[in-house]
Each structure stands twice: as C-alpha cells, then as structure tokens.
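Remember, it's a predicted structure, so these values are computed and weren't measured experimentally.
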Amino acid sequence: MYREAYLKECWPLVQKALSEHFVKAELDLIEGSMTVTSTKKTFDPYIIVRARDLIKLLARSVPFEQAVRILEDDVACEIVKIGSMVTKKERFIKRRQRLLGPKGSTLKALELLTKCYILVQGNTVSAVGPYSGLKEVRRIVLDTMNNIHPIYNIKALMIKRELAKDPELRTQNWDRFLPKFRQKNLSKRKEPMKKRIKKEYTPFPPPQLPSKMDKEIESGEYFLKESQRRKKKLEDIKTREAEALVRRQEKRNQAFIPPEEKSYEPKEVATSSKLDVNAIKEKVKKAKSKKLGAPPEEVKQKVVDSDKKKKKKKT
C-alpha cells in the first residue's frame, strides 16, 4: 500500500522499458499485484526472469532508475532476507543499523567496493550489480546479522582491491595479506562444578544386577532354616547394640578426662639493689618550687627579657 503512489507514477516508464523487449506489464491496484507476461514477439527466453526481478525490486522500495538496470546483461540482483536471522527485535535493529553505519557511511563504502547498489528496507536487503559484487554483499550482510562487524569485511575488500591491481600477486594466494580477526567469546554462562563425561556408545545392554535371592545364595543364607535365620538376625542385632553401647560409653568418659596442664615457669624479677637518692631529691625540689597553674620557666624568662627591652627604649 505504501508503494502504490510511487508505482502509479513510474508505471508508464516500466511499461516503456519492458516493451523494448516485447514484454507486457500490468498493474492491478484493486488486487494489489504486478504481473509481467511474454508476447508472441518476445525473442529473449531469459527476459521474463529479468522482468520478474524488476517488479520484485520495485516492490522492495528500490527506485526505478536502479531497478531498470536489471534488464542489462551483466547486471543481476539479490534480495537477502534478514528478518528471521535474529530473534530479539532490539538486537535485530542494532545489527541492521550496523549495515547502514553513521549517516550511511558503511553502506556507501560497501557500494564503492562491490560496485553494487544496496538498499536496506524492512526485513530485506536488496542489491543490484555485477555477480562478483553480489556474492560479497550477501556474505557481508549474513556476517553482520551473525554479529560480525562489517568494518572487518570492508578492510579485507580494500586489501583485495589493491592486490588485484598487482599483476604478479593476482594469481597467488592472498591469505597471508588478509587480516585475521579472532572472535571473542563474551558469554557469561557458568560452567557446572561436576562435568559429566559421556560414555562410549555400546549396542549391548548393561549387565544385570544380582537380585536379593542371588545375594542370599552367595552368602549361604538361602540354605538356612527359618529358626537359624532368626537366630542369626538376633545375633547381628546384639553385636550392633554392643558396639553402640561401647561408643556411647567412650563419649561419656571423655568429659571426665582432665586436659593437659601447661608447665609453669616463674619469671626472673630483676631487682636493683642501689637507688639513686640524689636524683629523687632534685625532682622533689623542682616540684615544690613550681606553683599550681604557673607558666613554665622558659615562658617566664621570655616575659622578663621583653620588659627589659621596653624600659631601655623609654630611657
């Protein structure tokens, strides 16, 4: 519906271009369809396929000036469906935007390197150009939708174009010149603590486990009488009870076992026999001379010196 107005305008030009190859074109706006049919005068057997590609490109929003090039011999078209390649809508929009680049710079670079007209529209990418260029466009579009940035492929294409100019390197292998980009694995999936190792597949079933009767036959219990079995069962119970009683008794006795005492060694006290009596007397004299809250002697000396200087100035 959104292409109806444009198709109305350019349809006479489409009919004129196809009439040169004797192909009839019809536009049905009520039904919403475009049809191309061959006539009795049509001489090119492949022109009907090219006419079909022409109306396909017009339906995918490709302008008539670019779409009409498909009728030439050395030009082909490619419509890559990218809608089902990414599940999340936000991720799909981001990756589709990478193809365009800032202000369409990435798309313009691709067009110059591949010599193709490329149009990103909705869930498809339409391309018109030579066969070699279309092959590269398809690969780059699929890589971009698989989370490989188109700048890497653009770099590789630029190197290839320069190598193709050299006649000596034209016939050689170019792998040593092309950049190798390692894909980083950014998944934060936690690995399990215990990894299960898969066993080798064998067509034979696993061996059958022994039954209760088989175990009794192995131990000889199967051949005992009922009274002997009871007697043996009681003996087993008594032995288990005796073992449990011994364990409980040991646990109780542990509380009465005294802990190991550390050996005590008395420390040697260094006693000084002689005391400095004169030093103690001097400390007592200094303490008596000082008044409570009085400033120290150094401060007093400074105050006295300042008073003397003032008196000298007056005289």
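Looking only at side-chain heavy atoms (C-beta outward), Phe92 and Ile82 come within less than 4.5 Å of each other. Lys81 is not listed as a side-chain neighbour of Asn123, based on a closest heavy-atom distance of 4.5 Å or more. Here the side chains of Val23 and Thr39 are not in contact, with every heavy-atom distance at 4.5 Å or above. Using a 4.5 Å cut-off on side-chain heavy atoms (C-beta onward), Asn147 and Arg98 make contact. Side chains of Leu119 and Tyr117 form a contact here, defined as non-hydrogen atoms less than 4.5 Å apart. Between Ile237 and Arg240 the shortest side-chain heavy-atom distance falls below 4.5 Å. Considering only heavy atoms from C-beta on, Pro130 comes within 4.5 Å of Cys116 through its side chain. Val75 has its side chain out of reach of Tyr131: every pair of non-hydrogen atoms, C-beta onward, lies at least 4.5 Å apart.
Expressed to the nearest 0.5 Å, how far OG1 of Thr35 lies from CD1 of Ile55 amounts to 7.0 Å. Annotation: the span from Arg96 atom CZ to Gln121 atom CD amounts to 8.5 Å, rounded to 0.5 Å. Considering CZ of Arg230 and CD of Gln228, their distance stands at 12.0 Å, rounded to 0.5 Å. Separation of atoms OG (Ser38) and CG (Leu18) is listed at 12.0 Å; rounding is to 0.5 Å. Interatomic distance, Lys88 NZ to Lys94 NZ, rounded to the nearest 0.5 Å: 10.0 Å. We find the CG-CD distance between Leu57 and Glu78 to be 10.5 Å, quoted to the nearest 0.5 Å.
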**OP:** Would you sort out whether Ile140 and Leu157 count as a side-chain contact (heavy atoms from CB on, under 4.5 Å), showing the intermediate values?
**Re:** CA-CA 10 Å; Ile140 291 164; Leu157 283 172; 3.5 Å; yes

**OP:** Apply side-chain contact (heavy atoms from CB on, under 4.5 Å) to Tyr222 and Asp214, showing your working.
**Re:** CA-CA 9 Å; Tyr222 182 76; Asp214 293 336; over 6 Å; no

**OP:** Determine, stepwise, if the pair Arg247 / Glu250 fulfils salt bridge (charged side-chain N to carboxylate O under 4.0 Å, His left out).
**Re:** CA-CA 5 Å; Arg247 283 198 297 273; Glu250 285 175 359; over 6 Å; no

Subject >> Steps toward side-chain contact (heavy atoms from CB on, under 4.5 Å) verdict (Phe22, Ile47) >> reply: CA-CA 9 Å; Phe22 304 102; Ile47 196 67; over 6 Å; no

**OP:** Begin from the C-alpha positions of Ser61 and Tyr2 and carry the test side-chain contact (heavy atoms from CB on, under 4.5 Å) through to its verdict.
**Re:** CA-CA 9 Å; Ser61 301; Tyr2 69 92; 3.5 Å; yes

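Dense packing is recorded around CD of Glu4, with more than 12 heavy atoms of other residues, nucleotides or ligands lying under 6.0 Å away. More than 12 heavy atoms of other shown residues, nucleotides or ligands fall within 6.0 angstrom of atom CZ in Arg229. Atom CG of Asp236 is surrounded by more than 12 heavy atoms from other residues, nucleotides or ligands within 6.0 Å. The neighbour count for Arg91 CZ, taken as heavy atoms of other residues, nucleotides or ligands under 6.0 Å away, does not exceed 12. Atom NZ of Lys160 is surrounded by more than 12 heavy atoms from other residues, nucleotides or ligands within 6.0 Å. More than 12 heavy-atom neighbours from other residues, nucleotides or ligands sit within 6.0 angstrom of CZ on Phe64.
In plain terms, the two heavy atoms of Arg60 and Thr124 that are nearest each other are NE-OG1, 2.8 Å. Looking at every heavy atom in both residues, Lys8 comes nearest to Pro12 through O-CD, 3.7 Å.
Listed by chain and residue number, Glu162 satisfy the salt bridge (charged side-chain N to carboxylate O under 4.0 Å, His left out) test with Lys165 (two or more places apart in sequence, or in another chain). The side-chain hydrogen bond (donor to acceptor under 3.5 Å, both in side chains) test applied to Ser19 returns no partner, not counting sequence neighbours. Partners of Lys24 according to the salt bridge (charged side-chain N to carboxylate O under 4.0 Å, His left out) rule, which considers only residues two or more places apart in sequence or in another chain, are Glu26.
For the residue pair Asn253 / Arg248, no side-chain donor-acceptor distance below 3.5 Å is found, with atom types taken as modelled.
In terms of modelled atom types and a separation under 3.5 Å, the side chain of Arg95 and the main chain of Thr144 share no donor-acceptor contact.
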